[in-house]
Amino acid sequence: MSIAKTYIPKETEEKWYSYWLQHGFFKSVPDEREPYTIVIPPPNVTGVLHMGHMLNNTIQDVLVRRARMKGKNACWVPGTDHASIATEAKVVAMLKERGISKKDLTREEFLTYAWEWKEKYGGIILEQLKKLGASCDWDRTKFTMDENLSEAVIDTFIHLYKKGWIYRGIRMINWDPQGKTAVSDEEVIRKEVNQKLYYIKYHLVGTDVTKSTYHEGEPPVIIATTRPETIMADAAICINPNDERYKHLHGRTVNIPLINREIPVILDNYVTMDFGTGCLKVTPAHDLNDYELGQRHNLPVIDILNDDGTLNEKAQILVGEDRFAARKKIAVLLEEAGVLEKVEEYKSQVGFSERTNAVIEPKLSMQWFCKMGEMAKPALDYVLNGEIKLIPDKFINTYRHWMENVRDWNISRQLWWGQQIPAWYLPTGEFVIAKNAEEALKEAQLKNPEFTAADLTQDEDVVDTWFSSWLWPISVFDGFKDPNNADINYYYPTNDLVTAPEILFFWVARMIMAGHEFRGEAPFKNVYLTGIVRDKQGRKMSKSLGNSPDPLDLIETYGADGVRVGMLLCSPAGNDLMFDESYCKQGAGFANKIWNAFKLVKGWEVDETLPNPNAVAIEWFGNRFNQALTEIEANFAQYRLSEALMDTYKLVWDDFCAWYLEMIKPAYQHPIDKVTYAATIQFFENILKVLHPFMPFLTEELWHDELFGERTENDCCIVAQLPVIGEINSRLLADVEVIKDVITTIRNTRKTKQISDKEPLELFVRSNSGINYGSYQAIISRLGNISKFDTVNDKVEGAINFLASTDEFYVPFEEEIDPVAECARLAKEKDYLLGFLKAVNGKLNNERFMANAKPEVIAAEQKKRADAEAKLAIIEENLKALAC
RNA sequence: GGGAGCUUAGCUCAGCUGGUUCAGAGCAUCUGCCUUACAAGCAGAGGGUCACUGGUUCGAACCCAGUAGCUCCCACCA
């Protein structure tokens with residue numbers, strides 16, 4: 001059977017993914033094994049795969065596949081999030097294209113379109129994940145608006161309401177005029193923006209009417225504002241009561257320019273005297289601080305903005321204009337009216353909607369809130385006492401800070417796509433909270449038996465999407481409707497959660513709260529926080545910057561395995577990663593390397609009669625493999641995935657390919673003995689297992705080759721069990737390091753002396769280290785192209801010599817060795833050793849070192865001294881011989 | 001404004017409780033090889049004042065203090 005020269009991922013990926021699916025290897029049902037569970041951070045149902053998902057899901061898949069190969073019952077639950085704002089925006093956009101406006105539709109009609117849209121486009125991202133190799137249990141795919149999940153949302157709402165933790169209130173909320181909904185504080189991103197600070201004159205009322213010009217009368221009050229378009233909503237002018245400059249204003253009133261509405265001057269310590277002019281216009285409807293000021297001073301609230309950010313008739317002027325257009329226009333009007341003192345450039349923080357990037361408008365509104373205080377406490381404890389580990393742990397501080405300063409959660413959203421708030425309003429202005437309309441009516445009739453269904457109106461709003469995703473680890477196992485079912489009892493709490501640090505509070509913290517509140521248990525044990533995927537210049541990858549490669553293109557080019565390796569190569573836990581396509585290239589190159597190693601072994605003919613000349617090499621690699629496995633295991637235990645991958649990479653490339661295979665490879669067209677052959681195949685199979693979590697497709701493809709013997713249908717790499725770490729002979733490993741050093745030095749010598757690799761050399765060793773060179777003769781001869789290798793008791797004349805460990809090696813060399821250069825080389829080495837010895841002796845002769853250092857450290861230093869002295873003796877001897 | 005973190009080779013990062021003359025890996029670079037597994041390769045080499053300044057210590061990349069630069073999080077000054 002001929003085999004392709006290079007690995008071609010495309011031909012294997014689809015094949016094996018369907019094979020895995022068909023054979024149910026991703027499926028999990030509770031059994032007697034230990035469970036290992038991950039719930040996917042549900043991507044937006046509207047989403048398409050981006051680099052962040054690639055990283056995230058590669059990590060999850062590596063963890064899940066490893067758990068599976070360690071005999072655990074691994075279950076990775078996939079699903080999507082209904083993402084109210086994002087999805088509704090897309091549906092509205094789609095309708096607009098069809099010439100339909102949302103406001104012409106009833107809620108039911110709109111939702112029909114939305115579901116239609118979801119069925120058509122939702123879940124693309126899940127299909128994309130399959131291309132990456134994600135081994136999710138697809139039969140368990142959930143959607144945050146699935147019936148049971150939605151029901152859980154409603155039930156928990158009722159539960160928390162009954163506990164008094166959900167309440168309704170007027171609050172200044174963050175209004176997104178584009179999404180036309182409230183967003184939570186956490187969804188507001190503050191950015192520094194260049195703005196203008198407008199200085200506007202407000203004329204005092206009640207001064208000498210006859211002296212109507214200000215230069216004769218009292219000067220106007222000048223306020224500084226970044227939002228001149230809101231002056232029509234002003235309710236007062238506020239000054240600091242201690243401000244000497246404005247004592248004369250106490251008790252006065254002023255007129256708002258342009259509309260000449262009279263407003264009072266009020267006094268409040270809130271005003272900073274040295275900012276702006278020390279006079280503040282108070283606009284309770286459009287600024288949180290002003291609102292609070294207004295509350296203190298009983299000021300009216302005049303809301304001049306519509307939901308879409310345009311001015312309403314209360315503004316009296318510029319009605320219908322967008323707030324930003326109005327700002328520009330009013331500046332002109334003020335200028336014309338002669339009341340614009342000056343305009344300054346000004347930098348300040350402005351809130352933007354995370355979802356729509358619109359400038360957030362503070363707005364007073366009736367909203368539903370969820371109290372956080374009581375829930376935050378236990379949720380904080382889980383992390384502080386280590387029941388939940390954050391990886392890396394630097395996030396613990398951030399987490400604590402947030403949890404200690406948590407504010408109530410605005411859970412209502414003025415949208416239709418989502419779970420409608422289970423509140424029904426009565427004609428009396430009261431409301432009832434109930435699971436559905438019938439229940440609501442019953443509740444209402446308790447208040448007054450006269451009420452009929454027609455008297456009830458359900459709240460129009462839906463709950464925040466996070467109010468459903470915080471239940472995710474429980475709701476995917478139907479733990480609300482059926483809190484004692486086999487799945488939830490078996491899989492919950494889950495093991496690892498892999499997500500981005502940006503949503504530590506949005507999601508992770510709230511899941512912990514929900515876990516505690518509804519199950520009395522943390523929802524997971526470890527939270528692995530991935531970094532942000534950035535480009536080489538350190539910019540966050542984003543659609544708008546256009547600096548993000550299409551993940552599917554990458555898979556097309558480098559293969560899923562190559563991309564997976566590429567992602568992990570540059571992703572230290574918790575740190576951002578500077579992604580570059582070259583990492584994927586390296587990943588693909590690695591796949592190819594493995595492919596070619598396989599090709600080599602595959603090509604061997606076995607001669608049953610041959611003896612095994614490779615016992616040492618085989619023993620060495622077996623040990624080296626165990627050593628590497630130990631390191632890999634340790635790195636996984638600490639979630640150092642890139643390190644574990646790098647260990648694997650070096651094990652395969654350096655130890656297996658560059659050393660082991662070169663040691664045992666038979667000469668061209670020569671057969672191999674059966675013992676070496678069998679051992680090598682065994683090694684290869686074990687290597688495939690270790691590689692599998694990182695490179696599932698390639699390893700599965702090779703696994704099924706006849707080289708490894710007959711495989712039954714279910715004998716697949718994906719469900720193979722990882723090799724058990726055997727004993728490690730560290731003496732052997734150390735000796736082989738010396739042998740490798742000898743070989744490298746020979747190669748190096750050839751280079752410097754310009755001896756061709758093809759020219760065989762002789763080698764002699766004068767040994768005192770106790771290394772049994774006899775057993776390594778074959779390896780050294782093979783890899784160093786040595787025709788004769790012997791032990792000697794005396795120096796060899798006319799030879800190049802070098803040291804490895806404390807042993808001296810000689811390579812006879814016909815050409816005259818330059819005594820001057822040789823002396824210089826030896827002298828340099830001697831200097832080094834002397835310096836080294838001095839340092840070591842310095843320690844050993846230091847009483848405090850001897851008193852304080854650990855015994856192992858002292859022993860190591862003593863060994864160093866002995867070795868250095870032995871080497872020095874040899875060098876001295878050589879120097880003497882050369883009569884330097 | 002408050003808090004957290006980072007700074008080690010050209011790049012991306014290791015360096016676990018201070019203890020090899022401790023400075024390491026991968027990639028990139030340079031040199032020599034088309035040696036029938038792999039040129040997506042092989043063999044070899046070069047490359048760093050561990051941000052800076054002090055301190056603690058027998059010993060500091062590692063601990064402490066300060067300085068500079070970068071990043072992130074939180075925060076209602078018009």
Side-chain angles (χ1 to χ4, degrees), chain A residues 3 5-7 172 185 190 197 223-227 238 270-272 275-277 279-283 287-292 346 348-349 351 362 392 394-398 401-402 405 501-502 504-505 532 536 538 569-572 574-580 582-583 585-586 588-603 634 638 640 642-643 646-647 649-650 653 657-658 661-662 665 668-669 744 747-748 750-752 754 756-758 785 832-833 835-840 842-843 845-854 856-858 860-861 863-864 867-868:
Chain A
I3 175 162
K5 194 173 170 174
T6 52
Y7 171 56
M172 184 65 82
D185 289 341
R190 294 190 183 275
L197 196 55
I223 59 94
T225 181
T226 52
R227 303 206 57 191
C238 187
Y270 165 74
V271 179
T272 333
F275 186 88
T277 59
C279 294
L280 171 70
K281 73 191 226 11
V282 183
T283 320
D287 184 281
L288 180 56
N289 301 303
D290 290 11
Y291 175 69
E292 283 162 6
Y346 182 70
S348 76
Q349 300 276 321
K394 66 175 177 186
F395 286 107
I396 294 174
N397 277 328
T398 333
H401 185 258
W402 194 76
N405 298 288
E502 295 126 271
L504 186 57
F505 308 130
I532 295 165
K536 273 220 132 173
L569 276 175
C570 57
S571 62
N575 286 328
D576 290 357
L577 53 124
M578 307 298 162
F579 179 79
D580 187 86
S582 63
Y583 289 110
K585 200 174 164 198
Q586 192 182 345
F590 185 39
N592 196 46
K593 183 73 186 174
I594 299 160
W595 181 260
N596 276 292
F598 172 79
K599 239 174 78 179
L600 172 70
V601 178
K602 174 94 175 147
Q638 296 173 76
R640 300 172 176 218
S642 16
E643 300 265 315
M646 191 41 75
D647 289 339
Y649 183 92
K650 285 191 277 193
W653 202 304
C657 294
L661 288 179
E662 292 301 330
K665 166 167 119 175
Y668 180 56
Q669 287 193 331
T744 303
R747 287 170 175 169
N748 200 352
R750 286 178 185 277
K751 267 224 138 96
T752 50
Q754 298 187 318
S756 157
D757 291 346
K758 288 172 186 155
N785 192 13
Y832 172 87
L833 282 167
F836 181 83
L837 259 182
K838 196 178 160 197
V840 174
K843 286 186 196 174
N845 296 332
N846 183 318
E847 280 170 36
R848 308 195 56 170
F849 173 77
M850 296 304 280
N852 298 329
K854 279 176 276 185
E856 312 89 87
V857 175
I858 294 173
E861 292 297 319
K863 170 98 168 50
K864 277 193 280 181
D867 285 357

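Sequence lines set the chain letters: A, B, ... in the order given, protein chains first and strands last, and positions in each chain run from 1.
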Given the [atom1] atoms of [N] and [M], what is the spacing between them in whole Å?
N      : M      : atom1 : answer
B/rU71 : B/rA78 : P     : 23 Å
B/rA60 : B/rU35 : C1'   : 48 Å
B/rG47 : B/rC6  : C1'   : 24 Å
B/rG46 : B/rC62 : C1'   : 28 Å

Do the side-chain N or O atoms of [X] get closer than 4.0 angstrom to the phosphate oxygens (OP1, OP2) of [N]?
X      : N      : value
A/Y346 : B/rA78 : yes
A/K864 : B/rU21 : yes
A/T744 : B/rG44 : yes
A/Y649 : B/rA25 : no

Send over the distance from A/M172 CE to B/rC77 C1', rounded to a whole Å.
15 Å

Stems involving RNA chain B: give each as a range paired with a range, ordered by first number, where a stem means at least three consecutive Watson-Crick or G-U wobble pairs under 3.5 Å.
B:1-7 with B:68-74, B:10-13 with B:24-27, B:29-33 with B:41-45, B:51-55 with B:63-67

Mind checking whether A/C238 and A/Y270 have side chains closer than 4.5 Å, heavy atoms only?
no

Looking at A/I858 and A/M850, what are the two nearest heavy atoms and their distance?
CD1-O, 3.6 Å

Inter-residue atom distance A/T225.OG1 - A/K281.NZ, 0.5 Å rounding
4.5 Å

For a quick check, with a 4.0 angstrom heavy-atom cut-off, what is the B/S/- contact string for nucleotides 32-41 of chain B, read 5' to 3'?
B---BBBSBS

Mark yes or no for a side-chain to base donor-acceptor pair under 3.5 Å between A/S582 and B/rC27, with no hydrogen or angle criteria applied.
no

Candidate nucleotides B/rU20, B/rC73, B/rA14, ranked by approach to the side chain of A/E643 - the nearest
B/rA14

Check the angle between the aromatic planes of A/Y832 and A/F836 and answer parallel, tilted or perpendicular using the 30° and 60° thresholds.
parallel

